[in-house]
Number of protein chains: 2
Amino acid sequence: MNIKSVAKKAGVSVATVSRVLNHPDAVAPDTKEHILSVMESLDYTPNWFARGLKLNRTGVIALLIPDILDLGYMEIAKGVEDVAHQKKYNIMLCTTEEDRGKEKEQVENFLTRKVDGIILVSSFLKNSDLQQIKKQDVSVVLIGKNEDNTGANLVYTDYKAATSEAVKHMIEIGHRKIGMIYGTRPKLENMDKLEGFKKTLMEEGLNYRDSHIVEEENSIEGGYLAASKLLNQADRPEALFVSSDTMAIGAMEKIKQTGLRIPQDIAVVGFDNLKISGFMEPKLTTVAKPMYRMGLVAARLLFDLMEEDEQKEQEPQEILIQSKLKVRKSCGHQDRLKEIF
Amino acid sequence: MNIKSVAKKAGVSVATVSRVLNHPDAVAPDTKEHILSVMESLDYTPNWFARGLKLNRTGVIALLIPDILDLGYMEIAKGVEDVAHQKKYNIMLCTTEEDRGKEKEQVENFLTRKVDGIILVSSFLKNSDLQQIKKQDVSVVLIGKNEDNTGANLVYTDYKAATSEAVKHMIEIGHRKIGMIYGTRPKLENMDKLEGFKKTLMEEGLNYRDSHIVEEENSIEGGYLAASKLLNQADRPEALFVSSDTMAIGAMEKIKQTGLRIPQDIAVVGFDNLKISGFMEPKLTTVAKPMYRMGLVAARLLFDLMEEDEQKEQEPQEILIQSKLKVRKSCGHQDRLKEIF
DNA sequence: ATGAAAGCGCTAACAG
DNA sequence: CTGTTAGCGCTTTCAT
C-alpha cells in the first residue's frame, strides 16, 4: 500500500496526498477529507524508509544504559521516555553491560541506523570517540561521568559533594569509625564518591583505614561480599557508607545474617534512593539521586540540541542536578523515623 | 557520504560497491579489498533508509511493556534483548502505561516504522486488532494474557495452577483464614489468579469471604492500601496471598506498621519472585514466574516466525512456561529458612 | 566479475 | 490549491 495507490483511488496526484500528510493546511478541506478517507479504506500508512530517505530524520533517539535490570537506570529511562513520547519520538534502548567494546559497537549501530540523537548513561566513551560521532551530525548527551569526557553535553550530579553531605551527617550523629563500600562501576562516579569520603573524614579530623574501604561489583551480591570482608575484621567499622542502594541491600543482608543490628551495631547509608530502599528493614538512609529528573533533563537538552539544527556550534553544556540526603532509619538518626513512603 | 562517492573514489560502479556489502563472495578478492579500504577512508556507512526502502526490513523489533519501572517487565526485556542482540537486531522499547489507547497508538507507530516483529507484554489488544496487524506482514508474539486473545502466538504461565500450588501450600502448613490481594492489572492474569484462589479454597473444603479479597492498583502503594482495608476488619485474615511481589511489599509494610508480625500474625505469599523479594524482612515466599525465560522464549518464537517468512500460515503457538513456588520465611514454613540468595 | 539502469515510496521544488 | 517531476541512496536484474 503506497502513496500512488492512494492518489489513484482518490483521483489526485501523489503530491496532494503527500501534502495532506506533511502540510495539511496547504490543501483544500474537502479534498483533504476525501483523501483521508481513502487512506483509511486502504489501510495506508506512509513508508518510513522512503520518508526517512528524503528527510534524513528518523524520529528515533537511542538510549544506551549499562544494565537493564538496574532500577536506577530504568528511572532515567522513564524520564527520557516521557519527553520522547511527548515529542512523538521513539526510543531505541540498548544495553552495554558495562563493556566499552559493546558500547562502541552499539553506538556505531545507532549511527548507521540514523537515529536523531543519542543519550549515553555512564558512558565509557572518551572525548575522541565523541568527536568522531559528532561528525555524523547526531546530537549526543551524556548522563553521569564514567571516563574523562569534558567538553561533552553532560547531565550529572556532584557525587563528591553528595557523599560529603552524607558522611558529615554520619559524623554529626555520632559515628566515628566509618567504612565505605563502593562499586567497580561506574568508575569515575565512584571515584568521586571515594574521594569525597576520604576528604570529608580528614576535614572532620577523623582517620579512615584502608582496610575499611572495600571495592566490589555493583550488585546485591557485591554488597554482600564486601560486607563479609568488612565484618570479618577484628576491628570492624561502626558505620558504612555504600556507593549504591543496590550494594547497601546486599550489605544489610550480610550484617543481619551475622547477627548484628542496624543501626545500633552498624549504621548503613546508601546512595541512589531507589524506591525499594524505603521498604527495607530498617529503612535505608540514602542520598537521593534524582534519576528520573536526570533522564528528563538530558532528554530535553538532547531535543534542544537536535532542534537548533545546523546552527553555530553551540558550547557544550554541563548541567548539575542536585542530590539530597534522605534520612531514614538505617543510619541511626533519631528524628525522622515516621515516614511511610 | 554515499555509495556513489565510494564508487567514484574506488573507480568502480555503485553496483560493485553494493555487492561487497551484500554479496561479498560475488566480487573479486582484490577489488573487494580495495573498495573496503576506500570505505574505511571515507568513513562510509550505508544509509539505513535507502537500504530499508529496498529490502523492506529494519532489523528492529519492538517491545511494548506496560511499565518501565516494573522489575518483572524488565526481566522479560532482558530476555528479549539477549536474543535480539545475538541476532544483531535492535529493540525499540515502549511503554503503554496500562492504557489500551496508548497501546494501539504505539502499535500503529511500530507498523509505520516497519519494525520486523513485535512483542507485546500483557497486551490489551483483542483478536480483531491482532488480525489487523497481521495484514501488515509483521510477526507478533504476546507474553501473558490480558484480554481474550486466543489464536495469537502466546507465551504465558498458568496462573491458575501456580496460584493453586501456592494456596495449597499455605493450607498445608496450617493457614485457614486466607485472604487475597490482587492488582487491577494485568486483568486476565489476575482474574486467573483469583479464580485459582477461590477454587482451591473450595476444593480444600475452606470458605473464602468476599471481604477478605481486595483489589487495588498493582503497585507498592496499592498493596499498602489493600492491606489497610484488610487489617481494619474485625475478623481479619491470618494469611494473605498477593498477586504480585510489588503489592506484597506494600502490604508487608502496612502489616509491620500495624504492629503485627509476619508470618506469626499474618503470613504473606507473593507472586513473581522479584530479585528484591529475597531481601525483604521477612524474606518473601512467592511464586517464581520465570520472566527472563519468558522473554527469551518469546523472542525466539518471534524470530522463528520472522524467518519462516512468507511460508504457509503457521498455526499460532501457545507456549506454557512453568512457574514454581519459592518457599521462604514470610509464609511461616519452618523448613527452608537458611537460604541466602 | 563488473556495469548500466530501473525503481523502492516519498517529499519538495517548481509550474501552473 | 494542485500536478509534474527530480531525486534521496541503495539493491538488483540484465547485460556484457
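Lettering of chains follows the sequences in order, A, B, ..., and the numbering in each one begins at 1. Small disclaimer: the values here were computed from a predicted structure and weren't measured. Hydrogens, waters and symmetry mates play no part in the numbers below; they use all other heavy atoms, side chains included.
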Send over the distance from [X] [atom1] to [N] [atom2], rounded to a whole Å.
{"X": "A/Lys8", "N": "D/dG3", "atom1": "NZ", "atom2": "P", "result": "15 Å"}
{"X": "B/His34", "N": "C/dA1", "atom1": "NE2", "atom2": "P", "result": "18 Å"}
{"X": "B/Glu33", "N": "C/dT2", "atom1": "CD", "atom2": "P", "result": "13 Å"}
{"X": "B/Asp25", "N": "C/dA1", "atom1": "CG", "atom2": "P", "result": "10 Å"}
{"X": "B/Met39", "N": "D/dG9", "atom1": "CE", "atom2": "P", "result": "15 Å"}

Distance check: side-chain N/O of [X] vs OP1/OP2 of [N], anything under 4.0 Å?
{"X": "B/Ser13", "N": "C/dT2", "value": "no"}
{"X": "B/Asn47", "N": "D/dG9", "value": "no"}
{"X": "B/Thr16", "N": "C/dA1", "value": "no"}

How would you summarise protein contacts on nucleotides 11-16 of chain C per nucleotide, using B for base, S for sugar-phosphate only and - for none, with heavy-atom distances below 4.0 Å?
BB----

Map B/Lys32 and B/Leu53 onto DNA chain C by nearest heavy atom, then report which one ends up closer to the 5' terminus.
B/Lys32

So for atom NZ, which belongs to A/Lys187, do other residues, nucleotides or ligands contribute more than 12 heavy atoms lying within a distance under 6.0 Å?
no

For B/Arg293, does the CZ atom have more than 12 heavy-atom neighbours from other residues, nucleotides or ligands under 6.0 Å away?
no

For B/Val121 and B/Ile65, work out which heavy atoms get closest and say how close.
CG2-CG2, 3.8 Å

Identify the two heavy atoms, one from A/Asn90 and one from B/Cys94, that lie closest to each other, and give their separation to 0.1 Å.
ND2-SG, 3.3 Å

Apply side chain to side chain donor-acceptor pair (under 3.5 Å) to B/Gln106 and B/Thr96, showing your working.
CA-CA 8 Å; B/Gln106 289 289 6; B/Thr96 64; over 6 Å; no

Keeping the roles fixed (side chain from A/Asn153, backbone from A/Gln317), state whether a donor-acceptor pair exists under 3.5 Å.
yes

